[in-house]
Amino acid sequence: MSRRSLSPKKLGVVLVLGAWCGLYLFLLATDRTSLYLSSRTEWLVPVGGVILLIAVVGQLFFSDSSGAPKLTTKDSLGLVLVAVPVVVVLALPPASLTSFAANRRSSFASAAFVPSIEDISSGELDLADVAGAIRSDEVMAALRARAGAEVDFTGFVARRPGMPADEFLLTRFLISCCVADALTVQVRVVDAPPGAFKQDQWVRVSGSLYPLENEIVVQAAGVTKVPRPDHPYLNA
Amino acid sequence: MAHIAQPLGSREESWRRILGAGFALAVLATFLNIANPGRVPAIQNFILVFSSLLIEAMPFILLGALVSAFIEVFVPGRVFDRLGALSPRLQLPASALAGFAFPVCECGSVPVARRLAQKGLAPGAAVTFMLAAPILNPVVIISTVIAYRGRDIFWPMVLGRTGLGLVAALAVGWVVSSKTKGELLRPRADADEHQHEKTRPGSFFSHLSGDFIFMARYLVLGATVAAAMQTFVPQDVIASVADTPFLSLIAMMALAFVLSLCSESDAFVAASFVQFGVGSQLAFLVFGPLVDTKLAFLYTGTFTKGFFRTVVLVVGAVTFAGTLWIEVLLG
């Protein structure tokens, strides 16, 4: 193989490709993919990482940039722009959507996911199943038949102005592809210890479930603080 | 190996720019790490939406660049000469139907369309393919089926989306079909950089990297605006017009533009807009994959001035008329 020169422009391109490749490998290694993507799109991370790795190797060993023109200011700004998201993700601590997003979306976006009636009638109830029932009269009817059933839900605390001190909205987001399409899933928790839980605190609520007209209420028997789950979003 | 000599000063300047770019990124990383602006809820929301849009879309851009580089390097020019010689009446529908076989979202189809037009396919046909692929591909149809299964508007949504998407793609292709590739494609500064490559693999990787970096810049700009809009534009405003005829259709098209969702996931979001009628939900699903914030930047970077305006007007008119008709018929 003939000698391959490393011009400034080629180095810049290789570094940016390598940075994105590194980001995807980092997400894989640290299991942080679920902070950004749903289970149905998480395959993009290894695929993106592998193609970028091949692109970096190919660029280094096959591409000849000896005739490439100089790196202009516009070129370098473009490369910086493409690298900025990598820096943002790597430099900031891991986070997930909070009650701020729930307030922005809650007015008209609720879970489009509709669970099966069989699951509701006999299976263990989870937050996505229960909240999704609000959108289906049939499923809601099946849920009403189980009024008083014991449930165990994990989510974060969201409070609206004027809510009684012993109530909060247990909240999770349901994502289909990525965080940008997140839909709010909420149930109202009553009889919680007043003032014990701050906004956005992750909690585990055990208690009895009561479907009402347009919402679902959980009468809390116990509420405990828990760390944010590794997979904070429910997947459609 | 022949080297094309560059003036020493120019080379030094280039190295200095590389160092400057690295330094700027290091300063940014340090600032973010120390200041942690994510503590502010709105900024954290912005960063999460911005990052997730890009983490999801970059592999599609990469796949698009991969296909584009493959077409450039490995598909013989005579194939496109033959295709280009076909009647435009045949090229447009054939290109639209080719979208069925290209299961990537909207970001991936842009670099492929550009390459197809460069290689000799009628520009109108390349544009038709670009617009048809993200709405007609099997993954998008299946996700629409899953999102609306069990609903009484199932068939209008699935067939309406596919049918109106096809009509919109054909309409834009027909409108721009009189343009030559020189009139439609925006010249790229790095267009000649790959010509000196002596081997096919070298040329392939050079095109792959070039197309990826070129498109990624516009994607980052688009994701920035989309994330800002998702974070700061109050969505209640749009929900308040749900019962208003005409306006609800336009509002849902505007919302699709703002949210910039992937065409493979937008049906799940649309299905949650239960306050809106069938026409409005359909308007969201037809307009969004063809015109959104991140695509605005990708189109502007790829095509000449006026193209984006043409797409907005034609797709908007087809979507509005089609969804209004369906709304009247079924609403």
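Every heavy atom of this structure was used, including side-chain atoms; hydrogens, water molecules and symmetry mates were not. All chains are named by letter (A, B, ...) in the order of the sequence lines, taking the proteins before the strands, and each is independently numbered beginning at 1.
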Where does [X] contact chain A at under 4.5 Å (heavy atoms): side chain, backbone, both or neither?
X        : answer
B:Ala24  : neither
B:Leu32  : both
B:Leu219 : neither
B:Ser260 : neither
B:Ala42  : both
B:Ile47  : side chain

So which residue, [options], ends up with the most heavy-atom pairs under 4.5 Å with chain A?
options                               : result
B:Leu261, B:Leu48, B:Ile18            : B:Leu48
B:Thr30, B:Leu28, B:Leu62             : B:Leu62
B:Asn33, B:Val220, B:Ile55            : B:Ile55
B:Phe204, B:Phe31, B:Phe232, B:Tyr148 : B:Phe232
B:Gln44, B:Met58, B:Arg200            : B:Met58

Hey, is CZ on B:Phe74 packed in by over 12 heavy atoms from elsewhere, all under 6.0 Å?
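Counting other residues, nucleotides and ligands, CZ of B:Phe74 exceeds 12 neighbours.
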Using 30° and 60° as the class boundaries, would you call the ring planes of B:Phe205 and A:Phe62 parallel, tilted or perpendicular?
parallel
Is a side-chain donor or acceptor of A:Arg188 paired with a backbone partner of A:Glu215 at a separation under 3.5 angstrom?
no
Side chain, backbone, both or neither: which part of A:Leu77 has an atom under 4.5 Å from a heavy atom of chain B?
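For A:Leu77, there is no contact with chain B at all, as no heavy atom is under 4.5 Å.
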Between A:Thr73 and B:Arg17, is any side-chain donor less than 3.5 angstrom from a side-chain acceptor?
yes
Would you say A:Asp75 and A:Thr72 are linked by a side-chain donor-acceptor pair, where the criterion is simply a distance under 3.5 Å?
yes
